[in-house]
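Have a look at the structure below, then the notes.
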Amino acid sequence: MRLLTLFFLLACVAGGALAAPAGVIDRLEIIATQDAYQGATPAGAAGPYVVITAIVHGRLDPAHPDNATIVDLPLAPRDADGWVRYATDATLLRPRHAKDARRVLFYDVVNRGGKLGQGVFIGGGALTDGAAPGEHFPSLLRRGYTVVWSGWQGDVALTGRGATAALGTRFPIATAADGTPLTGMSREEFIPDQAGGGSTLTLNHRPASLTDRSEVQFTARPAWRNADGLADYASTPAAAVTDWHYLPLPDGRVAVRFTPPAALPVAGGGTVVPDKGTIYSFVYRATEPRVAAIGFAAVRDLLHFLKTARADAQGQPNPLNDMKAAACARGSDCPAEPADNFDVVLGEGTSQSGRFLRDFLYLGFNRAATGQRVFDGLLAIIPGGRRTWTAVRFAQQGRWSRQHEDHFMQGDQFPFSYATFTDPVSGRHDGLLKRCEADNTCPKLMQIDGSFEWWGGRGSLNVTDGAGRDVILPANVRYYLVPGTQHGGGGGVTTGLAKPPDAGSACRLPNSPVTMTPIERALLAALEAWVVHGTPPPPSAHPRVADGSATAPPAVPLAGTGQLSTLFVTEHAAGVPRLQLDKPYRQWVPAVDVDGNETAGIATPEVRVPLATYLGWNVRKAGHAEGEGCSAAGAMLPFAVDEASRPAGDPRAPLSARYTGRADYLARFDAATQALVRQRLLLPLDAEHVYRANAAKVAPQLLPSP
């Protein structure tokens, strides 16, 4: 193994790389290569695609400065060469023939092991046996992209079946220098309606002891709200949960089974009975921490390998070497003998995966072994102002903070913005791009959030400082807000009829159907043009303090005011959050018009030509922590059809006063759609087959034809 490693390092030197890379791909194990979509050619593509299922066997130098932000890497087991080994699942979707490809590599960051970008940017069905993307979908495969997915989340297990299953990892467990198990206090949270009901909490880490309960703090509360109305951990009243026990599970994990207390104290006095929205907090001593931040290096090294390397450390050839013969990214004047397999690497991540990208940049992983960029362009979708709970011991990467759920989970402290400045609240000087600015490895970057991210995800802190003042984003960054959207957007307004929440839903109001994904597809096309051709992208579009479009939470007709996810300077010690309530972060939400619809950002035709008020927030109903923010949900408040049907107290004009009929509505809707196409915020195929198709479905009882 030492000779193989030496051979690989010498090959890196011969190829112009640094003599001491931070990590290497030791072996790319090809599990299967098969036709994609049963051999059918995707609509608009130059030829058919194939799917490569693989396992990546990587190695990291624990002493390399480029790995310094991987917490506990020096405490991981080492091989004979002193390096740390890991493995991840990987799936490659590539044109069967290089002549049908362009030299653009697209990386879709998986979300909890799943390929979220497949439905948004690729289209079609299952990669191996589903239908190919159709003629009405603007698939990336039309542009000859090669698409890559790989595991990065430490608590998603490696399967070797990444084409058809979740893409996972096998990361080492850190131990003390003397080989004894590491332990530390950790906190878990459980809310019944977020966990399928019941009273069993599955822990993310094994308890250090299944019999010693002396350090456990198990409490229950209706909400994070103290007597002053502030969301605090220490001063929020709670009841002790005393009837519980550990439950070992067949897969090796450990759960906690408990009986809820009879009553919960309420801030200001009184009690309530536990319900499906009750927050249970379990603090315990955990052991066997996984080295979770290896996931960042695993992505860095895989993409650099696929782009630049001829072979892995075992001498097996890179399966994308023939892409040197593909058309260059710009499509003309291509070099005869390119040095790399790809000219451009683009990346995208949605929700958890978008937060991964923010951490990836912040922790310095966009610097490859050669000193060049890993990603040339990135699209971060709906991360809000958060990062991930990854680069710490006893990470819990699946959790994300909201107003009611997981409110104090780690991953949402300064810095929040891509701009580097001194935080007026904590006094720290930092920014998400500080490291990559120092070594000139920053990509061109877009972030797109929905309204929910400003209400529930600290989104305004991307573009304002902690005191609530506008900040200037770097020239390589664009930031966009899509108003009226819940987390990820909805399926489209279509009929315009509000769908009441399902019986099992925690939300009181119908969800917002306003879409986001067509805007995301257009922005990815603009990102490619920006990276490849230097074409300036659409300007940032979001609320601003200076013009009043960013405001304090407003009241809207018939719904009142939503719950904002507040934030204070917070430290986590002994497993619990410790807030400095005298150091709050000033946050804003989008301003609204007289109807309650938001006025800033990229307004879709559904919001520009509305049939209802569309909100980025919702509230929990009775039996589910009533009145608290409803997780990830927006809301829809339909306009009355005519004056006779308008409810008392509704100041909003009815549909009959807004539109002269169905044709008038469709004409205005089409004009709003075409305006977005002209601004490069909507692709023509989506204008026709998403928005126009949806508008044609409006219910006749809302807008009758003449």
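Bear in mind the structure is a predicted one, so any value in this text is a computation, not a measurement.
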Quick one: do the [X] and [Y] side chains pair a donor with an acceptor below 3.5 Å?
{"X": "Thr183", "Y": "Arg285", "answer": "yes"}
{"X": "Thr287", "Y": "Arg206", "answer": "no"}
{"X": "Glu188", "Y": "Tyr280", "answer": "no"}
{"X": "Glu628", "Y": "Gln563", "answer": "no"}
{"X": "Tyr362", "Y": "Asp430", "answer": "yes"}

Gly484 backbone acceptor or donor facing Glu598 side chain under 3.5 Å: yes
Any donor-acceptor N/O pair, Ser186 side chain to Gly575 backbone, under 3.5 Å: no
Within-4.5 Å side-chain heavy-atom neighbours: [X] and [Y]:
{"X": "Thr278", "Y": "Ile191", "result": "no"}
{"X": "Arg620", "Y": "His404", "result": "yes"}
{"X": "Cys436", "Y": "Phe365", "result": "no"}
{"X": "Thr599", "Y": "Val592", "result": "no"}
{"X": "Asn204", "Y": "Asp155", "result": "yes"}
{"X": "Ile294", "Y": "Pro172", "result": "yes"}
{"X": "Leu378", "Y": "Pro443", "result": "yes"}
{"X": "His487", "Y": "Trp400", "result": "yes"}

Sole candidate of Trp244, Phe218, Tyr246 that passes ring-ring contact (aromatic ring centres under 6.0 Å, His included) when paired with Phe258: Phe218
Smallest separation among heavy atoms of [X] and [Y], with atom names:
{"X": "Thr566", "Y": "Ala231", "result": "OG1-CB, 3.7 Å"}
{"X": "Pro274", "Y": "Leu264", "result": "CA-CD1, 3.8 Å"}
{"X": "Thr441", "Y": "Asn366", "result": "O-ND2, 2.7 Å"}
{"X": "Gln352", "Y": "Arg112", "result": "OE1-N, 2.9 Å"}

May I ask you to say whether [X] pairs ionically with [Y], meaning some side-chain N is under 4.0 Å from a carboxylate O?
{"X": "Asp72", "Y": "Arg393", "result": "yes"}
{"X": "Arg399", "Y": "Glu189", "result": "no"}
{"X": "Asp439", "Y": "Arg435", "result": "no"}
{"X": "Asp359", "Y": "Arg387", "result": "yes"}

Ring geometry between Tyr284 and Phe282 (parallel below 30°, tilted from 30 to 60°, perpendicular above 60°): tilted
Phe356 and Phe296 aromatic ring geometry - parallel, tilted or perpendicular at 30°/60° bounds: parallel
Ser426/Lys583 under side chain to side chain contact (heavy atoms under 4.5 Å, CB included): CA gap, chis, key distance, verdict: CA-CA 7 Å; Ser426 68; Lys583 294 185 177 181; over 6 Å; no
Centroid separation Trp224 to Phe408 less than 6.0 Å: yes
Pair Phe375 and Phe360, ring centroids less than 6.0 Å apart: yes
Check against side-chain hydrogen bond (donor to acceptor under 3.5 Å, both in side chains), Asp465 and Tyr585: CA-CA 8 Å; Asp465 67 11; Tyr585 283 95; over 6 Å; no
Over-ring placement of Arg221 relative to Tyr233, 6.0 Å and 45° cut-offs: yes
From CA spacing to verdict: side-chain hydrogen bond (donor to acceptor under 3.5 Å, both in side chains), Arg358, Gln447: CA-CA 10 Å; Arg358 289 165 60 89; Gln447 180 167 322; 2.9 Å; yes
